[in-house]
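Mind looking over this structure? Questions follow.
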Amino acid sequence: MTPNGWIQIALFCAIILALTPLLGGYMTRVFAGERTFLSPVLRPVEGALYGLAGVDPKREQTWLGYTLAMLVFHVGGFLILYAILRLQDLLPLNPQEMAAVPPDLSLNTAISFLTNTNWQNYGGESTLSYLAQMLGLTHQNFLSAATGIALAVALIRGFSRASAQTVGNFWVDVTRCTLYVLLPLCIPYTLFLVWQGIPQTFGPYVDATTLEGAKQTIAVGPVASQVAIKMLGTNGGGFFNANAAHPFENPTALSNFVQMISIFALGAGLTNVFGRMVGDERKGWAILAAMGVIFVAGVAVTYWAEASGTPGLNALGLTGGNMEGKEVRFGIVASALFAVITTAASCGAVNAMHDSFTALGGMIPLINMELGEIIVGGVGAGMYGMLLFVVVAMFVAGLMVGRTPEYAGKKIEAKEVKMAMLAILVLPLMMLGWTAVATVLPGTVAAISNPGPHGFSEILYAFTSATANNGSAFAGLSANTPFYNVTLAVSMFIGRFMMIVPAMALAGSLAAKKTVPASAGTFPTHGGLFVGLLVGVILIVGGLTFFPALALGPIVEHLAAVAGQTFGG
Amino acid sequence: MAKPRSSSILDPAILVPAIGASFKKLDPRAMVKNPVMFVVEVVALLTTVLFVRDLATGGSGLGFSFQIILWLWFTVLFANFAEAVAEGRGKAQADSLRRTRTETQAKLLTGSGNDWREVPGTSLKVGDVVLVEAGDVIPSDGEVVEGVASVNEAAITGESAPVIRESGGDRSAVTGGTTVISDHIKVRITAAAGSTFLDRMIHLVEGAERQKTPNEIALNILLAGMTLIFVFATASIPSFAAYAGGTISVVVLVALFVTLIPTTIGALLSAIGIAGMDRLVRFNVLAMSGRAVEAAGDVDTLLLDKTGTITLGNRQAAEFRPVRGVSPQELADAAQLASLADETPEGRSIVVLAKEKYAIRGRDMATLNAHFVPFTAQTRMSGVDVDGTVIRKGAVDAILKDLQSPGSAVRPVSPETLREVQAIAEEIGKAGGTPLAVARDGKVLGVVYLKDIVKGGIRERFAELRRMGIRTVMITGDNPLTAAAIAAEAGVDDFLAEATPEAKLKLIRDEQAKGKLVAMCGDGTNDAPALAQADVGVAMNTGTVAAREAGNMVDLDSDPTKLIEIVEIGKALLMTRGSLTTFSIANDVAKYFAIIPAMFVAFYPQLGALNVMGLASPQSAILSAIIFNALIIIALIPLALKGVKFRPIGAAALLKRNLLIYGLGGIVVPFAGIKIIDVAVTTLHLV
């Protein structure tokens, strides 16, 4: 670990903290339907879109109406993406003449992009046409991000409204999010990435002759535009198979740093939106602080673990940390920081191979996802996921001060607890359940590249990543098999929608409640005590759920490594 | 103030039957109401069946399995025991109540006169009118329709001093099972046999009709959810172990599962609820539902009647304020003379003040040949006529009006005097007092300052309530000026002056519209709508039937200040649940460190590093964890019954305190506990 490393980490945190109120304030205005500086240009476009779709922007929906609209929207999105993947050989913009994507991989990829997971069982440059990348994947990159943010805003409205029947209009929220938030940020961001050296072209792959005279095909394409939304919308699905480790997807240290910022920016901003909408910005800061505590602790562990390297290599005199699977242009700190950010935020883009991290260094990304992607989290998804944990934490804490528990003036009663628990239950069910299935089936175990605890971690990581809608992988697992394609698709689907439906039911139930004014008997939810409580509940609930699995994976691997033992095979 | 009836937690009369009841409660139909403990029973049964099978086929390690299974059953039994002890304490009270409910004969009035015939008390119907004479037990709940009597209500209140019950007015309700001591009354029966107040009380303390309260339901959902999480966490372990090349026996897996699920709070949850109701009963307050007790903990606004709650029931003379040209002595003398025969507390206080301040002794009315003129609602004055001298005292406007009335024989009051009297009266009113004018032979002598005496210590109690986050509102019929002065002196947050029943009801609705929970107490029939509207309505036992029906609690001591204790009991109930839930979940950390290494060390010896407690062997570790898990239930029964005490130190400080004790304590205690048990288990060679 070096001072330079810590300065980079501190700088990253400082920039996120500075952006949070700016983006929060702007997004609050956008979702309140107020005028922004972009309104003169975008208002007519927005109005025309509503006119075309026959949407009355003034008519709000109940939580059920909102959720149904979202589901219908996704059925349509799924069919379009699946069709594009299956038919890409017949469609234009296919200079490399890619074949149609097989059915199980198409299913996996369609669900993956629909759910903001962007699990890459496909290799971008070797499987997909430009049309499939741009019309298929990029459009879902925008819409799944906009959907996540819209849902978070709907849940926030549940907290901020009193005695209300409706939580907003899904069509309006998605439209405004895309028009006013995502597009305006992506356009300059894409230009910045092009300046940094990322290709943006419809031309075919370039053939180059190397110094030795060998012929090499260099994949290019409309990369920059997809990378912008991939990061900003915490999608993470790369244009290339190597994702952000690929020099054309993440060429410089600067592009790397800005990409890290863009992963967290909107998610962190939403905590501020929450604070503003419930009328106490400090509540938003407190939530961000809880996320921040877990985040910084995770960064410290991973950075320390990677910088320390493995005892085995150190014994051979190979000191200077663990550089296996890392890009030299990023080094240890930028790789460790990127890994923690991308898994904390449900992005899933990777600039280094997590599979090659040390046992503890790789455990942190795993834990980040096991906690449900609530440390800033996926855009929107992190916010509503965190609020579910807040409900549980405040329920127990509220009882301890001798009142019916409440948060932001809303009483937390049986229905709220039920919905929060339903959503939280999905995590162990999918993550541990499928891992348990996969570890006993002989055919599936063969897919791992390392025997012993590390192989176990690879399987656990895959289902954890899918359920949490992260999309990053311990790349050692060859998961492009029918079994993994289907079970991972199920994990992604359940992990996304079984979380959303209870969260929306919670929004409806909260919106209908009266807002209780705070008194001296109300536990203040903007101070250090709240932050500590929330962190404690998240770590204890998450820790208790996953401790046995972690013990059999990274923990035993670490202990074995310290003892100088390896699991060869 | 009520005297809580004492009863030891370790009363053998309760503990012994509770042991038997613990076994009876194993009935799955009863267990299923408690999801966490039901699951424990199911897995205990499952492992028992497997054990019997292994016994038949001759498996290995049977001694260890047997002990684990034994402790699984103990866990269930301890939970049942906790509930049985809580219920037992209620039953003991119910039995003593039942003894007072003797078979009574009633004198059913027939026809319009005083003819009656004797019928069994149980045959009475609602609407029947019975005669109750001195020495009779009132056969059922009712309302006095004629007469006045003193009644001994010790049967329900435990207080042997008799109380007055009379027709019309706010003291007309009588309770079945109480005894008339003097005089006779006619009572219209308002409750059929089996549904009287006493019957309801017995049901309540027995917990027979106990329904889960809203927070309890929510907590049960949380616990069920946690249980499911641990189902996933433990059910996935066998295949993880198979991958690593090991196996885990069912009994070990079950042991891990049972120690992880929140059995501590699951076992004590219903005991906490029963004990909460019980604590109220000991405080001589009957809550008609557990919901009301919980609501009490949530109260934001407390409406309190001024008279009797904030001030002593009566005003007292504090000062004599003569007009110019009259000495205080002279005024005191006249006032005392006018009050000698006045038996109202105000009148008596004038006599006392005159004696204390001006040494004017009491005089005998008869020897003075004085004639007392009593207070009437028309004249709003009282006084005395002595040898042609006419002395009157009364409300200032009443006295002035009398003096200026056209029929008055005396000369009219001079404008200066009029102004002076009015000025004094206004000054007294502003200070929160009540002015009482005194006139002799048509001349105003001055004004007596009657002062509302704020109860000692009440200011501190309101400050305490404020720290609890509860706003107090004083309700009074006084004018706003007087009300403001008393409100300031007593330290209440707000007041409602010149309160009518409608204004009270509106105030409650307004507060509720703001999302607040409102508590109030009342006794009169005109309080009934407000009592029904309030979230917590405490009816005084001395009150009318209508008031008692409208409230959701009845205070047997009729002490309105008790609302404060009721709120504290409600809070303590919620805190006990929250604290034990936190403790229960925090315990799991240590249990993991005991069982996980023990489970996996056979095929991953490196995991022995997680055995931070240094437990002797894998088997002793697992056994110690499950023993700790069972014993902690027994250890926490007293806390569950007593409740975690509420302290008005503000929510944040309270949470910090409880998190420290039950959260941090919950993490640390089992590390020590399991280690100690492990040492004992190893020393005794149990494994």
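Note: hydrogens, waters and symmetry copies are ignored here, and every other heavy atom, side chains too, is used. We name chains A, B, ... by the order of the sequence lines, and we start the count at 1 in each one.
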| note | Residue from Gly570(B), Ala651(B), Ala233(B), Ala609(B) scoring the most non-hydrogen pairs under 4.5 Å with chain A is Ala651(B)
| Proximal component of Ala652(B), with respect to chain A [non-hydrogen, under 4.5 Å] |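 Both backbone and side chain.
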| task | With a 4.5 Å cut-off on heavy-atom pairs, point out which of Asp588(B), Val231(B), Leu517(B), Leu580(B) contacts chain A the most. | result | Asp588(B)
| message | Tell me which of these, Ala518(A), Gly452(A), Ala162(A), Gly433(A), has more heavy-atom pairs under 4.5 Å with chain B than the rest. | response | Gly452(A)
| said: Quick check for you: to the nearest 0.5 Å, what is the distance between Leu654(B) atom CG and Arg403(A) atom CZ? | reply: 12.0 Å
| said: One pair to check against side chain to side chain contact (heavy atoms under 4.5 Å, CB included): Met575(B) and Leu399(A). What are the steps and the verdict? | reply: CA-CA 5 Å; Met575(B) 280 172 47; Leu399(A) 287 178; over 6 Å; no
| Residue part contacting chain B, namely of Ala438(A), when any heavy atom lies under 4.5 Å | neither
| query | Are more than 12 heavy atoms from other residues, nucleotides or ligands located less than 6.0 Å from atom NZ of Lys418(A)? | reply |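 Open: at most 12 neighbouring heavy atoms sit under 6.0 Å from NZ of Lys418(A).
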| query | Side chain, backbone, both or neither: which part of Ile595(B) has a heavy atom under 4.5 Å from chain A? | reply | neither
| message | Can you tell me which residue among Asn220(B), Ile221(B), Ile217(B) is in a side-chain contact (heavy atoms from CB on, under 4.5 Å) with Val417(A)? | response |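 One option only clears the test, and that one is Ile221(B).
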| said: Working note: Phe547(A) + Ile596(B), criterion side chain to side chain contact (heavy atoms under 4.5 Å, CB included); need CA distance, chi angles, decisive distance, verdict. | reply: CA-CA 9 Å; Phe547(A) 190 69; Ile596(B) 291 291; 3.7 Å; yes
| field | Phe600(B) portion near chain A, given a 4.5 angstrom heavy-atom threshold | value |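 Side chain only.
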| message | If I compare all heavy atoms of Ala218(B) with all of Glu413(A), which pair ends up nearest, and what's the gap? | response |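 Closest pair (atom of Ala218(B), atom of Glu413(A), distance): CB-C, 3.9 Å.
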| query | Which value, rounded to the nearest 0.5 Å, describes the distance between Phe232(B) atom CZ and Leu429(A) atom CG? | reply |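 Separation between the atoms: 4.0 Å.
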| Side chain, backbone, both or neither of Thr515(A) within contact of chain B (heavy atoms, under 4.5 Å) |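 It is the backbone, since no side chain atom gets that close.
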| said: Quick check for you: to the nearest 0.5 Å, what is the distance between Phe546(A) atom CZ and Ser236(B) atom OG? | reply: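 That separation rounds to 9.0 Å.
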| Which distance, rounded to the nearest 0.5 Å, do you find between the CD1 of Ile585(B) and the CG of Leu544(A)? | 8.0 Å
| query | Taking atom NZ of Lys513(A) as the centre, does the number of heavy atoms from other residues, nucleotides or ligands within less than 6.0 Å exceed 12? | reply |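 Yes, because the 6.0 Å sphere around NZ of Lys513(A) holds more than 12 heavy atoms from other groups.
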| said: Treating Tyr243(B) as the side-chain partner and Val440(A) as the backbone partner, does any N or O pair qualify as donor plus acceptor under 3.5 Å? | reply: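 No, the answer is negative, given that no donor and acceptor are paired below the 3.5 Å cut-off.
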| field | Leu427(A) CG to Ile229(B) CD1 distance, which is reported to the nearest 0.5 Å | value | 8.0 Å
| Top of Ala235(B), Gly297(B), Gly245(B) for chain A proximity - count of heavy-atom pairs under 4.5 angstrom | Gly297(B)
| task | Could you tell me which portion of Pro428(A) (side chain, backbone, both or neither) has an atom closer than 4.5 angstrom to a non-hydrogen atom of chain B? | result |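 The answer is both parts of Pro428(A).
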| said: Counting only non-hydrogen atoms closer than 4.5 Å, does Ala563(A) touch chain B with its backbone (N, CA, C, O), its side chain (CB onward), both, or neither? | reply: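 Contact with chain B is absent: no heavy atom of Ala563(A) under 4.5 Å.
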| field | Residue Thr522(A) versus chain B: region with a heavy atom under 4.5 Å | value |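 For Thr522(A), the backbone is the part near chain B, not the side chain.
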| query | Checking Phe523(A) against chain B: side chain, backbone, both or neither under 4.5 Å from a heavy atom? | reply | both
| query | Which region of Lys415(A), side chain (C-beta onward) or backbone (N, CA, C, O), has a non-hydrogen atom less than 4.5 Å from a non-hydrogen atom of chain B, or is it both or neither? | reply |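 Neither; nothing under 4.5 Å.
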| For Thr435(A), is it the side chain, the backbone, both, or neither that has a heavy atom closer than 4.5 Å to a heavy atom of chain B? |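 Backbone plus side chain of Thr435(A), per the 4.5 Å heavy-atom cut-off to chain B.
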| query | Just by distance, do the side chain of Asp298(B) and the backbone of Thr404(A) share a donor-acceptor pair under 3.5 Å? | reply | yes
| field | Nearest atoms (heavy-atom pairs only) where Phe603(B) meets Leu552(A) | value |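 In terms of heavy atoms, the two residues are closest at CE1-CD2, 4.1 Å.
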| field | Under 4.5 Å from any heavy atom of chain B - which part of Gln565(A) | value | side chain
| field | Region of Met226(B) that comes under 4.5 Å of a non-hydrogen atom in chain A | value |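 Answer is both: backbone and side chain atoms of Met226(B) are under 4.5 Å from chain A.
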| query | What distance separates Leu529(A) CG from Leu659(B) CG, expressed to the nearest 0.5 Å? | reply | 6.0 Å
| message | Is there a side-chain contact between Asn215(B) and Pro405(A) in this structure, where contact means two heavy atoms from C-beta onward sitting under 4.5 Å apart? | response | yes
| said: Side chains of Leu559(A) and Tyr604(B), heavy atoms from C-beta outward: is any pair under 4.5 Å? | reply: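 Of all side-chain heavy-atom pairs linking Tyr604(B) with Leu559(A), none is under 4.5 Å.
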| query | If every non-hydrogen atom of Pro548(A) is compared with every non-hydrogen atom of Ile237(B), which pair is closest and at what distance? | reply |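 Taking every non-hydrogen atom into account, CB-CD1, 3.7 Å.
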| task | Pick one of side chain, backbone, both or neither for Leu219(B), based on which atoms fall under 4.5 Å of a heavy atom in chain A. | result |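 When you check distances to chain A, atoms from both the backbone and side chain of Leu219(B) fall under 4.5 Å.
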| task | Look at atom NZ of Lys514(B) and say whether more than 12 heavy atoms of other residues, nucleotides or ligands are closer to it than 6.0 Å. | result | yes
| field | Arg466(B) CZ: over 12 foreign heavy atoms closer than 6.0 Å | value |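 For Arg466(B), atom CZ is crowded (more than 12 foreign heavy atoms under 6.0 Å).
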| query | chain A heavy atoms under 4.5 Å from Arg657(B): which part of the residue, side chain, backbone, both or neither? | reply |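 No part of Arg657(B) comes within 4.5 Å of chain A.
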| field | Leu533(A) and Lys656(B): CA distance, side-chain angles, deciding distance, side chain to side chain contact (heavy atoms under 4.5 Å, CB included) verdict | value | CA-CA 10 Å; Leu533(A) 176 79; Lys656(B) 204 176 285 173; over 6 Å; no
| message | Using modelled atom types and a 3.5 Å cut-off, is there a donor and acceptor pairing between side-chain atoms of Lys571(B) and backbone atoms of Met400(A)? | response |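 Not confirmed, Lys571(B) side chain does not pair with Met400(A) backbone.
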| task | Sort out for me which of Gly409(A), Ala551(A), Gly543(A) touches chain B most, counting heavy-atom pairs under 4.5 Å. | result |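 If we count pairs closer than 4.5 Å to chain B, Ala551(A) comes out on top.
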